[in-house]
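Report on one structure; see the data block that follows.
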Amino acid sequence: MKTSLLHPVTPRIDAGLLFLRLTGALMLFYVHGLPKVLHYRVELTRIEDPFGFGPHVSLLGAILAEVICPVLIALGLFTRLACLPIIVVLLVAMLAVHPGWSIAEGQFGWLLLIIFTTIALCGPGRWRIGSGGRP
């Protein structure tokens, strides 16, 4: 194993990335994703469709970003790729669907955007399914 001056810090970085992955994924899944799956028919009547794709396509895209991607991220599987749909959905929500929201009104969305952009930039860390401790 290669040693470096940064090696003692690595477990803390990995712990931080794990914490960020788990808590961010849980919040997105629980607050936004799970209700869309449990109340699919009701959500079809409520979901905004800013690009005219239709409610089914818009809702399925939201479910991909808010249910499937958070599970992958929590496990550390395809993490950077799984962050991309979330980032896109959050940007659409904040900039196209709710452009009039103040920072205070949209703070949850902006914080999720910060969390998942950070994970996309940094990657999952070593503590993930199938890593075998590799970076």
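Count residues from 1 along the sequence.
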Would Arg21 and Thr79 satisfy side-chain contact (heavy atoms from CB on, under 4.5 Å), going step by step from the backbone distance to the final call? CA-CA 9 Å; Arg21 282 190 359 248; Thr79 305; 4.2 Å; yes
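Note on Met27 and Leu38: same hydrophobic cluster, where clusters join Ile, Leu, Val, Met, Phe, Trp and Tyr whose side-chain heavy atoms are under 4.5 Å apart, directly or indirectly. Clustering ILVMFWY residues whenever any of their side-chain heavy atoms sit less than 4.5 angstrom apart, transitively, puts Val42 in a cluster other than the one holding Leu34. A continuous path of Ile, Leu, Val, Met, Phe, Trp and Tyr side chains, each step under 4.5 Å between heavy atoms, connects Leu72 with Leu75, placing both in one hydrophobic cluster. Val31 and Leu20 fall within a single hydrophobic cluster, where Ile, Leu, Val, Met, Phe, Trp and Tyr side chains are chained together by heavy-atom contacts under 4.5 Å. Linking Ile, Leu, Val, Met, Phe, Trp and Tyr residues whenever their side-chain heavy atoms come within less than 4.5 Å places Leu77 and Val71 in a single cluster.
Residues passing the ring-ring contact (aromatic ring centres under 6.0 Å, His included) test with His39, sequence neighbours excluded: none. Partners of Trp101 by ring-ring contact (aromatic ring centres under 6.0 Å, His included), not counting sequence neighbours, listed by chain and number: His98. With sequence neighbours excluded, no residue forms a ring-ring contact (aromatic ring centres under 6.0 Å, His included) with Phe78.
Legend: salt bridge (Lys or Arg N to Asp or Glu O under 4.0 Å) pairs involving residues 105-125, not counting sequence neighbours: none detected.
Of all heavy-atom pairs spanning Val97 and Pro50, the tightest one is CG2-CG, 3.8 Å. When all heavy atoms of Ala120 and Ile87 are compared, the pair lying nearest together is CB-CD1, 4.1 Å. Here the closest non-hydrogen pair linking Leu17 and Cys122 is CD2-CB, 3.8 Å. Residues Arg80 and Ile119 come closest through the heavy atom pair CG-O, 4.3 Å. In terms of heavy-atom proximity, Pro85 sits nearest to Ala82 at CD-O, 3.4 Å.
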Side-chain donor-acceptor contacts of residues 57-69 below 3.5 Å, not counting sequence neighbours, with atom names and distances?
{"residue": "Ser58", "atom": "OG", "partner": "Asp49", "partner atom": "OD1", "Å": "2.8"}
{"residue": "Ser58", "atom": "OG", "partner": "Gly54", "partner atom": "O", "Å": "3.1"}
{"residue": "Glu66", "atom": "OE1", "partner": "Lys36", "partner atom": "NZ", "Å": "2.9"}

What donor-acceptor contacts under 3.5 angstrom involve side-chain atoms of residues 110-118, with partners at least two apart or in another chain?
{"residue": "Thr117", "atom": "OG1", "partner": "Leu113", "partner atom": "O", "Å": "2.7"}
{"residue": "Thr118", "atom": "OG1", "partner": "Ile114", "partner atom": "O", "Å": "2.7"}

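Residues His56 and Leu44 have side chains in contact (heavy-atom distance under 4.5 Å, counting atoms from C-beta outward). Within the 4.5 Å cutoff, no side-chain heavy atoms of Leu26 are placed close to those of Pro70.
Atom CE of Met94 has more than 12 heavy atoms from other residues, nucleotides or ligands within 6.0 Å. For OH of Tyr40, the number of neighbouring non-hydrogen atoms (other residues, nucleotides, ligands) closer than 6.0 Å is greater than 12.
For the atom pair Leu90 CG and Leu28 CG, the distance stands at 6.5 Å (nearest 0.5 Å).
When atom types are taken as modelled, the side chain of Asp14 and the backbone of Arg126 share a donor-acceptor pair closer than 3.5 angstrom.
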